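Everything below concerns the one structure shown next.
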Amino acid sequence: MSDHYILNSENQPVSEPDLLTWARWFESANRQAAGDYLPDGVRVSTVFLGLDHSFDWNGPILWETMIFGG
C-alpha cells in the first residue's frame, strides 16, 4: 500500500500508488477540511495531509488539526 493519499469525490481518502498522479492532485487540491474562529480569536484548522504520518502499524494518520493563537 502507498504512503500517498488523495481525496475521492466524497472527500474520503484513497491510496494513490502513482507519485505523479498524487503530486498533480496535491498541487491544486483544497485540503482544508475545517476551519473555525472561536469567540476569543483563536483559530482551529484541520487539513488533509496527503501523506501517511503514522510511522507505526495502527493505520494511517492523514489529518492534522492545529490551533493558532490563544
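Please read these numbers as outputs of a predicted model, since none were measured by experiment.
Note on Ile61: it does not cluster hydrophobically with Val47, by side-chain heavy-atom contacts below 4.5 Å among ILVMFWY residues. Linking Ile, Leu, Val, Met, Phe, Trp and Tyr whenever their side-chain heavy atoms come within less than 4.5 Å puts Leu19 and Val14 in one cluster.
Residues passing the side chain to side chain contact (heavy atoms under 4.5 Å, CB included) test with Thr65, sequence neighbours excluded: Val44, Thr46. Every residue two or more places apart in sequence or in another chain that forms a side chain to side chain contact (heavy atoms under 4.5 Å, CB included) with Asn11 is listed here: Leu7.
Atom CG of Asp36 and atom CD1 of Ile67 lie 11.5 Å apart (nearest 0.5 Å). For the atom pair CG of Leu49 and OH of Tyr5, the computed distance is 12.0 Å after rounding to the nearest 0.5 Å.
Applying the side-chain contact (heavy atoms from CB on, under 4.5 Å) test between His4 and each of Leu51, Asp52, Thr21, Asp18 identifies Leu51 as the sole match.
Its side chain within the 4.5 Å cluster rule, Met66 clusters with Phe68 among the Ile, Leu, Val, Met, Phe, Trp and Tyr residues.
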What donor-acceptor contacts under 3.5 angstrom involve side-chain atoms of residues 25-32, with partners at least two apart or in another chain?
unit_1	atom_1	unit_2	atom_2	d
Asn30	OD1	Gln32	N	3.2
Arg31	NH1	Phe48	O	2.5
Gln32	NE2	Ala34	O	3.2

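Across Ser54 and Gly59, no two heavy atoms sit closer than the pair CB-O, 3.1 Å.
With hydrogens and angles disregarded, no donor-acceptor distance shorter than 3.5 Å links the side chain of Trp22 to the backbone of Pro17.
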